[in-house]
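Let me begin by presenting the structure, written as structure tokens, before commenting on it.
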Number of protein chains: 2
Amino acid sequence: MSTELQTQLLDSKGLKKTPIRRELVSLFLQNSNALSFHDIQDGMSSKLDKSTLYRNLTSFEEAGLIHKINDHSGIAKFALGQQDLSDDHAHFVCDNCETVSCMEGSVSIDVKVDDKVHVKQIQTIVHGICGNCNS
Amino acid sequence: MSTELQTQLLDSKGLKKTPIRRELVSLFLQNSNALSFHDIQDGMSSKLDKSTLYRNLTSFEEAGLIHKINDHSGIAKFALGQQDLSDDHAHFVCDNCETVSCMEGSVSIDVKVDDKVHVKQIQTIVHGICGNCNS
DNA sequence: ATTTTAAACGCGACTGAGTTGCATCTGTAA
DNA sequence: TTACAGATGCAACTCAGTCGCGTTTAAAAT
Ligand SMILES: [Mn+2]
Ligand SMILES: [Mn+2]
Ligand SMILES: [Zn+2]
Ligand SMILES: [Zn+2]
């Protein structure tokens, strides 16, 4: 019985543990930044079919193991953890090196909202220059 | 000499006034919600080539006549006015009828940011149910 | 250990948004 | 009226993501 973290994570979400999925989870664990599809494809030890990867990303997302981030580049990014309705953490995009990362803390808005309007979730992208690029 | 609003708007931005552009500006003036490419294509009196429309939208955006909105649906929306670095107005997306509209007021975030990180712009999408759908 | 089966995988074809090259047309200013 | 930069239309293209389907495999049942 393995106690490796990827195994535990897959188990805890009820996901079947295939070699691809184990490596995929490892890849996420090794990276603090969000990963694009191509980051993922290039980060795996062998070249995998894109359908397989996309389907695994969808399964992981549905299981709440990862969440998808839309950084306004038109290319989806993925990161560990989930972002449910009550979690409105923001995402930081470095306009220089284009890395995307999850931010801690929550976002509050100061906007007029009509009585009848019901706000459910706030999704925020913070653009700027990351610490790494500011050196 | 015409004093129609579309003419004035195109003139003020130094844009050439073609029949398509006049009608395109009229369409934006008639709609308070943001428009998708297909909203626009369907809203014009004759079926226009998509390259022409996309190029006009790009020109309008570069001239500051409209701004592009990414509502996380993967389909761009466009609305009158500009959104420069100092203007961080949010956008509202109705999860029921899928209309997108500009919100007044500004967004403030309460997130830890490392010293070296330089924040330039904040883009916020507010999800919920619009007043129209809440009746 | 062997069988069974639902789910994962790989391949190829497809979709849909948006872009680009190029020939033709037109708004505008000389 | 002419000249020409820029607008239009068409076709071909790119690129992210999806889907159908035949094959393989993880994991559970025997
Ligand atoms: Mn995140
Ligand atoms: Mn807006
Ligand atoms: Zn950076
Ligand atoms: Zn609505």
Side-chain angles (χ1 to χ4, degrees), chain A residues 1-2 4 6-25 27 34-63 65-78 98 100, chain B residues 1-2 4 6-25 27 34-63 65-78 98 100:
Chain A
M1 142 183 141
S2 169
E4 292 194 68
Q6 351 120 347
T7 300
Q8 287 176 242
L9 279 169
L10 289 168
D11 272 338
S12 71
K13 302 296 183 179
L15 290 161
K16 201 184 263 192
K17 298 180 291 294
T18 69
I20 291 175
R21 288 184 172 185
R22 287 175 199 273
E23 195 185 353
L24 194 43
V25 176
L27 192 62
L35 302 173
S36 70
F37 175 80
H38 286 288
D39 293 336
I40 293 166
Q41 190 160 246
D42 296 348
M44 302 291 280
S45 55
S46 63
K47 203 198 170 186
L48 301 168
D49 184 72
K50 63 176 175 172
S51 308
T52 301
L53 286 180
Y54 274 117
R55 282 192 273 237
N56 275 323
L57 291 169
T58 302
S59 299
F60 283 14
E61 195 190 358
E62 283 169 0
L65 181 54
I66 63 174
H67 62 289
K68 193 193 282 191
I69 302 157
N70 186 318
D71 66 355
H72 297 191
S73 73
I75 296 170
K77 305 281 161 60
F78 302 88
E98 285 164 20
V100 176
Chain B
M1 143 185 143
S2 169
E4 294 195 67
Q6 350 120 349
T7 301
Q8 288 176 243
L9 278 169
L10 288 168
D11 272 339
S12 72
K13 302 295 183 181
L15 290 161
K16 202 185 262 192
K17 298 179 290 295
T18 69
I20 291 175
R21 290 185 171 185
R22 287 175 197 273
E23 194 184 356
L24 194 43
V25 176
L27 192 61
L35 301 173
S36 70
F37 175 79
H38 287 287
D39 293 335
I40 292 165
Q41 189 160 245
D42 296 348
M44 301 291 280
S45 56
S46 63
K47 203 196 169 186
L48 301 168
D49 185 72
K50 62 176 175 173
S51 309
T52 301
L53 286 180
Y54 275 117
R55 282 192 276 237
N56 275 324
L57 291 169
T58 302
S59 300
F60 282 14
E61 195 189 358
E62 283 169 359
L65 180 56
I66 63 174
H67 61 289
K68 193 193 282 193
I69 302 157
N70 185 320
D71 65 356
H72 297 192
S73 74
I75 296 171
K77 304 281 161 60
F78 302 87
E98 284 162 21
V100 176

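Throughout, protein chains are lettered first and strands after them, A, B, ... in sequence-line order, and every chain is numbered starting at 1.
- In this structure, the side chains of A:S59 and A:R21 come closer than 4.5 Å at one or more pairs of heavy atoms.
- Scanning atom types as modelled, no donor and acceptor separated by under 3.5 angstrom connect the side chain of A:S51 and the base of D:dG17.
- Atom NZ in B:K50 sits about 12 Å away from atom P in D:dA11, given to the nearest Å.
- For C:dG16, neither phosphate oxygen OP1 nor OP2 lies less than 4.0 angstrom from any side-chain nitrogen or oxygen of B:H38.
- If you take NZ on B:K77 and CD on B:E98, they are separated by 7.0 Å, rounding to the nearest 0.5 Å.
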Only distances under 3.5 Å count here; give the side-chain donor-acceptor pairs of residues 41-48 of chain B to other protein atoms, sequence neighbours excluded, each with its distance to 0.1 Å.
{"residue": "B:S45", "atom": "OG", "partner": "B:E23", "partner atom": "OE1", "Å": "3.1"}
{"residue": "B:S45", "atom": "OG", "partner": "B:E23", "partner atom": "OE2", "Å": "3.2"}

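- Atoms CE (B:M44) and C1' (D:dT8) sit 12 Å apart, rounded to a whole Å.
- Rounded to an integer number of Å, the gap from CG of B:D42 to P of C:dA17 is 11 Å.
- Residue A:L10 contributes atom CG, which lies 13 Å from atom C1' of C:dA8 at whole-angstrom precision.
- Atom CG in A:L57 sits roughly 11 Å away from atom P in C:dC9 (whole-Å rounding).
- Following rounding to the nearest Å, A:I20 (CD1) and C:dC9 (P) show an atom-to-atom distance of 4 Å.
- When each of D:dG9, C:dG10, D:dA16 is scored by its nearest atom to the side-chain atoms of A:I75, the top-ranked nucleotide is D:dA16.
- Between B:L24 and B:R22 there is no side-chain heavy-atom pair separated by less than 4.5 Å.
- Look at A:Y54 and you'll find a side-chain N or O under 4.0 angstrom from OP1 or OP2 of D:dG17.
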Would A:D39 and A:S36 count as a side-chain hydrogen bond (donor to acceptor under 3.5 Å, both in side chains) here? Give the steps. CA-CA 5 Å; A:D39 293 336; A:S36 70; 3.2 Å; yes
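- The nearest whole Å value for the distance from the CZ atom in B:F60 to the C1' atom in D:dA7 is 11 Å.
- Rounded to whole angstrom, the span from the CG atom of B:N56 across to the P atom of D:dG6 amounts to 14 Å.
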Are there any protein N/O atoms within less than 3.5 Å of an N/O atom in nucleotides 24-30 of chain D, and if so, which ones and at what distance?
{"residue": "D:dA27", "atom": "OP1", "partner": "A:K17", "partner atom": "N", "Å": "2.8"}

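- Between A:L15 and A:V25 there is no side-chain heavy-atom pair separated by less than 4.5 Å.
- Along DNA chain C, the nucleotide nearest B:D49 and the nucleotide nearest B:G74 are compared for position; the residue whose nucleotide lies closer to the 5' end is B:G74.
- Put simply, CG on B:D49 and CZ on B:R55 are 7.5 Å apart, with the number rounded to the nearest 0.5 Å.
- Under 4.0 angstrom from either OP1 or OP2 of D:dA7 there lies no side-chain N or O belonging to B:R55.
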